[in-house]
Amino acid sequence: MNWLKRIYNRIKLEITYRKKLKELRKRDPFIYK
Amino acid sequence: MTIVVAGDSFVYGSELSDCTRQSASKKTFFALLANDFDYRCIAVPGLGNDGIARQVVTACETMYDVEAVAVSWTFPGRYEYRFAYDTGERGGNWHTITPWTTIEDVSNLVNTNSDDLKHILSTHSNAVSKAQSTGVADFAEVFYKHVGSTEYWELYSSLKEIVYLQNYLKVKGIPYIFTCADNSVVYNNTVSRNDTVINSLLKQIDFLKWFWFPSGEAEWETKKPRGFYQWALENKYPIGATHPLEDAHKDAAMLMQEKFNELVKKNLQQN
(Lines give C-alpha, C1' and ligand atoms only; values in the text may rest on other atoms or scores of the structure.)
Protein backbone atom coordinates (compact mmCIF):
# COMPACT_ATOMS: atom_id res chain seq x y z
CA MET A 1 0.00 0.00 0.00
CA ASN A 2 3.04 2.26 0.30
CA TRP A 3 3.15 2.85 -3.46
CA LEU A 4 -0.46 4.01 -3.37
CA LYS A 5 0.23 6.42 -0.56
CA ARG A 6 3.28 7.74 -2.46
CA ILE A 7 1.24 8.38 -5.61
CA TYR A 8 -1.49 10.06 -3.55
CA ASN A 9 1.06 12.36 -1.87
CA ARG A 10 2.69 13.25 -5.20
CA ILE A 11 -0.64 14.18 -6.76
CA LYS A 12 -1.58 16.19 -3.68
CA LEU A 13 1.76 18.06 -3.78
CA GLU A 14 1.38 18.78 -7.50
CA ILE A 15 -2.15 20.18 -7.08
CA THR A 16 -1.15 22.35 -4.09
CA TYR A 17 1.94 23.62 -5.97
CA ARG A 18 -0.01 24.61 -9.08
CA LYS A 19 -2.71 26.36 -7.05
CA LYS A 20 -0.20 28.24 -4.93
CA LEU A 21 1.95 29.27 -7.90
CA LYS A 22 -1.14 30.68 -9.61
CA GLU A 23 -1.81 32.80 -6.50
CA LEU A 24 1.82 34.02 -6.40
CA ARG A 25 1.71 35.02 -10.07
CA LYS A 26 -1.53 36.91 -9.53
CA ARG A 27 0.05 38.90 -6.69
CA ASP A 28 3.39 39.41 -8.50
CA PRO A 29 2.55 39.74 -12.23
CA PHE A 30 6.05 40.90 -13.19
CA ILE A 31 7.52 38.72 -15.90
CA TYR A 32 11.09 39.13 -17.17
CA LYS A 33 11.47 42.36 -19.19
CA MET B 1 27.78 62.36 -0.37
CA THR B 2 25.56 59.75 -2.04
CA ILE B 3 22.11 58.36 -1.38
CA VAL B 4 21.83 54.75 -2.47
CA VAL B 5 18.36 53.76 -3.68
CA ALA B 6 17.55 50.08 -3.99
CA GLY B 7 14.69 47.80 -4.89
CA ASP B 8 13.09 46.05 -7.83
CA SER B 9 11.62 47.25 -11.15
CA PHE B 10 9.51 49.96 -9.48
CA VAL B 11 12.66 51.63 -8.18
CA TYR B 12 14.54 51.01 -11.45
CA GLY B 13 11.62 52.64 -13.26
CA SER B 14 10.71 49.87 -15.70
CA GLU B 15 8.31 51.13 -18.38
CA LEU B 16 8.88 54.82 -17.54
CA SER B 17 9.69 56.94 -20.59
CA ASP B 18 13.38 57.56 -19.79
CA CYS B 19 14.20 54.02 -18.61
CA THR B 20 16.52 51.84 -20.69
CA ARG B 21 18.22 48.49 -20.10
CA GLN B 22 21.44 50.41 -19.43
CA SER B 23 20.17 53.14 -17.13
CA ALA B 24 17.48 53.53 -14.50
CA SER B 25 14.73 56.11 -14.79
CA LYS B 26 15.05 59.50 -13.11
CA LYS B 27 11.27 59.69 -12.76
CA THR B 28 10.71 57.11 -10.01
CA PHE B 29 9.48 58.20 -6.56
CA PHE B 30 12.90 57.66 -4.99
CA ALA B 31 14.68 59.47 -7.85
CA LEU B 32 12.33 62.46 -7.50
CA LEU B 33 12.90 62.54 -3.72
CA ALA B 34 16.68 62.18 -3.94
CA ASN B 35 16.98 64.59 -6.83
CA ASP B 36 18.56 67.38 -4.73
CA PHE B 37 21.45 65.08 -3.80
CA ASP B 38 23.86 62.78 -5.57
CA TYR B 39 22.15 59.45 -5.68
CA ARG B 40 22.98 56.06 -7.09
CA CYS B 41 20.18 53.71 -8.16
CA ILE B 42 21.24 50.09 -7.63
CA ALA B 43 17.76 48.63 -8.20
CA VAL B 44 17.44 45.60 -10.46
CA PRO B 45 14.14 44.61 -12.11
CA GLY B 46 12.89 41.24 -10.84
CA LEU B 47 15.11 41.22 -7.76
CA GLY B 48 13.94 39.51 -4.55
CA ASN B 49 14.29 40.83 -1.01
CA ASP B 50 17.44 38.80 -0.38
CA GLY B 51 19.00 40.30 -3.52
CA ILE B 52 17.99 43.81 -2.49
CA ALA B 53 19.67 43.42 0.92
CA ARG B 54 22.81 41.97 -0.69
CA GLN B 55 23.01 44.81 -3.24
CA VAL B 56 22.75 47.48 -0.52
CA VAL B 57 25.39 45.86 1.67
CA THR B 58 27.69 45.50 -1.35
CA ALA B 59 27.18 49.18 -2.24
CA CYS B 60 27.83 50.34 1.33
CA GLU B 61 30.99 48.20 1.54
CA THR B 62 32.40 49.27 -1.81
CA MET B 63 31.37 52.92 -2.17
CA TYR B 64 33.20 55.29 0.15
CA ASP B 65 30.60 58.05 0.29
CA VAL B 66 27.24 56.40 1.10
CA GLU B 67 25.43 58.85 3.37
CA ALA B 68 21.90 57.41 3.29
CA VAL B 69 19.92 54.49 1.91
CA ALA B 70 16.37 54.26 0.56
CA VAL B 71 14.92 50.80 0.00
CA SER B 72 11.65 49.56 -1.43
CA TRP B 73 11.13 45.88 -0.51
CA THR B 74 9.47 43.64 -3.06
CA PHE B 75 7.11 40.66 -3.22
CA PRO B 76 8.23 37.93 -0.81
CA GLY B 77 7.82 35.08 -3.35
CA ARG B 78 11.11 35.85 -5.15
CA TYR B 79 14.35 34.19 -4.08
CA GLU B 80 17.96 34.92 -4.98
CA TYR B 81 20.57 32.14 -5.07
CA ARG B 82 24.20 31.90 -5.94
CA PHE B 83 24.17 29.01 -8.39
CA ALA B 84 27.06 26.60 -8.88
CA TYR B 85 27.34 27.86 -12.46
CA ASP B 86 26.98 31.05 -14.52
CA THR B 87 23.25 31.53 -15.13
CA GLY B 88 23.92 33.67 -18.21
CA GLU B 89 22.05 36.56 -16.59
CA ARG B 90 23.38 39.94 -15.47
CA GLY B 91 24.28 38.66 -12.00
CA GLY B 92 26.41 35.77 -13.31
CA ASN B 93 26.12 33.03 -10.67
CA TRP B 94 23.70 35.16 -8.63
CA HIS B 95 20.17 34.88 -9.95
CA THR B 96 16.67 35.53 -8.65
CA ILE B 97 13.98 32.97 -9.34
CA THR B 98 10.36 34.12 -9.40
CA PRO B 99 7.01 32.35 -9.83
CA TRP B 100 7.46 33.13 -13.55
CA THR B 101 10.81 31.39 -14.03
CA THR B 102 9.16 28.24 -15.36
CA ILE B 103 6.44 29.82 -17.52
CA GLU B 104 7.45 30.37 -21.14
CA ASP B 105 4.23 31.53 -22.80
CA VAL B 106 2.84 34.65 -21.15
CA SER B 107 1.18 36.16 -24.23
CA ASN B 108 -2.26 36.20 -22.63
CA LEU B 109 -1.09 37.80 -19.40
CA VAL B 110 0.24 41.25 -20.28
CA ASN B 111 -1.62 44.40 -21.21
CA THR B 112 -2.11 44.21 -24.96
CA ASN B 113 -2.27 48.00 -25.33
CA SER B 114 1.42 48.29 -24.56
CA ASP B 115 3.54 49.40 -27.53
CA ASP B 116 6.50 47.27 -26.57
CA LEU B 117 4.46 44.12 -26.03
CA LYS B 118 6.46 42.06 -28.52
CA HIS B 119 9.71 43.10 -26.89
CA ILE B 120 8.41 42.16 -23.42
CA LEU B 121 7.21 38.77 -24.57
CA SER B 122 10.44 37.93 -26.38
CA THR B 123 12.58 39.10 -23.43
CA HIS B 124 10.59 36.90 -21.07
CA SER B 125 10.69 33.95 -23.43
CA ASN B 126 14.50 34.31 -23.85
CA ALA B 127 15.01 34.50 -20.08
CA VAL B 128 12.95 31.35 -19.51
CA SER B 129 14.73 29.50 -22.35
CA LYS B 130 18.06 30.41 -20.76
CA ALA B 131 16.79 29.21 -17.36
CA GLN B 132 15.74 25.93 -18.96
CA SER B 133 19.08 25.38 -20.67
CA THR B 134 21.17 26.13 -17.57
CA GLY B 135 19.04 24.13 -15.13
CA VAL B 136 17.73 27.14 -13.22
CA ALA B 137 14.14 26.41 -14.33
CA ASP B 138 14.35 22.79 -13.07
CA PHE B 139 15.66 24.02 -9.75
CA ALA B 140 12.92 26.67 -9.55
CA GLU B 141 10.20 24.10 -10.14
CA VAL B 142 11.48 21.73 -7.45
CA PHE B 143 12.12 24.60 -5.03
CA TYR B 144 8.68 26.18 -5.42
CA LYS B 145 6.99 22.79 -5.28
CA HIS B 146 8.63 21.69 -2.04
CA VAL B 147 9.48 24.93 -0.21
CA GLY B 148 9.20 28.32 -1.91
CA SER B 149 5.49 28.48 -2.55
CA THR B 150 4.56 28.28 1.14
CA GLU B 151 3.64 31.56 2.77
CA TYR B 152 5.67 30.69 5.86
CA TRP B 153 8.93 30.24 3.96
CA GLU B 154 8.53 33.35 1.82
CA LEU B 155 7.74 35.45 4.86
CA TYR B 156 10.46 33.94 7.06
CA SER B 157 13.07 34.50 4.31
CA SER B 158 12.03 38.09 3.59
CA LEU B 159 11.77 39.16 7.24
CA LYS B 160 15.27 37.82 7.92
CA GLU B 161 16.61 39.93 5.04
CA ILE B 162 14.81 43.04 6.27
CA VAL B 163 16.12 42.59 9.83
CA TYR B 164 19.62 41.85 8.46
CA LEU B 165 19.76 45.05 6.39
CA GLN B 166 18.11 47.20 9.06
CA ASN B 167 20.64 46.05 11.68
CA TYR B 168 23.54 46.49 9.24
CA LEU B 169 22.51 50.10 8.53
CA LYS B 170 22.01 50.83 12.24
CA VAL B 171 25.43 49.40 13.13
CA LYS B 172 27.02 51.47 10.37
CA GLY B 173 25.07 54.58 11.45
CA ILE B 174 23.66 55.07 7.95
CA PRO B 175 20.26 56.89 7.88
CA TYR B 176 17.65 55.01 5.90
CA ILE B 177 14.02 54.83 4.83
CA PHE B 178 12.17 51.62 3.97
CA THR B 179 8.97 51.21 2.00
CA CYS B 180 7.58 48.34 -0.07
CA ALA B 181 5.83 47.42 -3.30
CA ASP B 182 3.33 45.11 -1.64
CA ASN B 183 2.28 44.83 2.00
CA SER B 184 2.20 41.00 1.97
CA VAL B 185 5.70 41.13 3.38
CA VAL B 186 4.13 42.15 6.72
CA TYR B 187 0.37 41.54 6.52
CA ASN B 188 -0.66 37.93 5.86
CA ASN B 189 -2.16 34.78 7.40
CA THR B 190 1.14 33.57 8.85
CA VAL B 191 1.52 36.79 10.85
CA SER B 192 -2.05 36.43 12.14
CA ARG B 193 -1.20 32.93 13.43
CA ASN B 194 1.22 34.35 16.02
CA ASP B 195 4.17 32.10 15.17
CA THR B 196 7.00 32.57 17.67
CA VAL B 197 9.83 33.03 15.17
CA ILE B 198 7.85 35.26 12.81
CA ASN B 199 6.68 37.37 15.76
CA SER B 200 10.25 37.72 16.96
CA LEU B 201 11.41 38.91 13.54
CA LEU B 202 8.54 41.38 13.26
CA LYS B 203 9.27 42.79 16.73
CA GLN B 204 12.87 43.45 15.67
CA ILE B 205 11.78 45.66 12.75
CA ASP B 206 11.76 49.40 13.47
CA PHE B 207 8.56 50.40 11.69
CA LEU B 208 9.14 54.08 12.54
CA LYS B 209 11.65 54.01 9.67
CA TRP B 210 9.02 52.81 7.19
CA PHE B 211 6.77 54.72 4.85
CA TRP B 212 3.41 53.08 4.11
CA PHE B 213 0.94 54.22 1.50
CA PRO B 214 -2.46 54.96 3.09
CA SER B 215 -5.00 52.15 3.54
CA GLY B 216 -7.82 51.91 1.04
CA GLU B 217 -11.29 53.09 1.98
CA ALA B 218 -13.49 51.48 -0.67
CA GLU B 219 -14.83 48.00 0.03
CA TRP B 220 -12.66 46.33 -2.63
CA GLU B 221 -9.44 48.11 -1.63
CA THR B 222 -6.72 46.84 0.70
CA LYS B 223 -7.71 47.73 4.25
CA LYS B 224 -4.21 47.67 5.73
CA PRO B 225 -1.45 50.20 4.93
CA ARG B 226 -0.37 49.54 1.36
CA GLY B 227 2.74 49.15 -0.76
CA PHE B 228 3.40 51.33 -3.83
CA TYR B 229 2.04 48.86 -6.36
CA GLN B 230 -1.17 48.16 -4.44
CA TRP B 231 -1.75 51.87 -3.86
CA ALA B 232 -1.16 52.77 -7.52
CA LEU B 233 -3.29 49.93 -8.84
CA GLU B 234 -6.22 50.56 -6.49
CA ASN B 235 -6.13 54.31 -7.21
CA LYS B 236 -6.33 53.46 -10.92
CA TYR B 237 -3.14 55.25 -12.00
CA PRO B 238 -2.15 54.63 -15.64
CA ILE B 239 -0.29 51.31 -15.94
CA GLY B 240 2.04 50.17 -18.75
CA ALA B 241 2.24 46.46 -19.55
CA THR B 242 2.44 45.77 -15.82
CA HIS B 243 4.06 48.79 -14.08
CA PRO B 244 2.51 52.05 -12.82
CA LEU B 245 3.66 54.98 -14.98
CA GLU B 246 4.93 58.54 -14.25
CA ASP B 247 1.77 59.93 -12.58
CA ALA B 248 1.84 57.32 -9.84
CA HIS B 249 5.54 57.95 -9.12
CA LYS B 250 5.01 61.72 -8.99
CA ASP B 251 2.15 61.47 -6.49
CA ALA B 252 3.96 58.78 -4.50
CA ALA B 253 6.98 61.10 -4.13
CA MET B 254 4.70 63.85 -2.84
CA LEU B 255 3.15 61.50 -0.27
CA MET B 256 6.58 60.27 0.86
CA GLN B 257 8.23 63.70 1.01
CA GLU B 258 7.64 64.37 4.72
CA LYS B 259 8.90 60.95 5.86
CA PHE B 260 11.87 61.19 3.48
CA ASN B 261 12.77 64.61 4.91
CA GLU B 262 12.50 63.27 8.48
CA LEU B 263 14.54 60.10 7.94
CA VAL B 264 17.00 61.02 5.20
CA LYS B 265 17.20 64.72 4.29
CA LYS B 266 17.38 66.01 7.89
CA ASN B 267 20.22 63.61 8.69
CA LEU B 268 22.17 64.63 5.59
CA GLN B 269 21.87 68.32 6.37
CA GLN B 270 23.15 67.69 9.92
CA ASN B 271 26.30 65.95 8.61
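First the proteins, then the strands, lettered A, B, ... as listed; each starts at 1.
Between B/Pro99 and A/Leu24, the shortest heavy-atom contact is CG-CB, 3.7 Å.
For B/Phe10, the part sitting under 4.5 Å from any heavy atom of chain A is the side chain, from C-beta outward, and nothing else.
Atom NZ of B/Lys26 is surrounded by 12 or fewer heavy atoms from other residues, nucleotides or ligands within 6.0 Å. Enclosure of atom OH in B/Tyr156 is not indicated, since only 12 or fewer non-hydrogen atoms of other residues, nucleotides or ligands lie within 6.0 angstrom. For B/Lys224, the NZ atom sits in a loose shell: 12 or fewer heavy atoms of surrounding residues, nucleotides or ligands are nearer than 6.0 Å.
The stretch residues 2-17 of chain A places A/Leu13, A/Glu14, A/Tyr17 near chain B, each with some heavy atom under 4.5 Å from a heavy atom of that chain. The contact list for residues 72-81 of chain B toward chain A, using heavy atoms and a distance under 4.5 Å, reads B/Phe75, B/Pro76, B/Gly77, B/Arg78 by residue number.
By the 4.0 Å N-to-carboxylate-O rule, B/Glu154 lies close enough to A/Arg27 to be salt-bridged with it.
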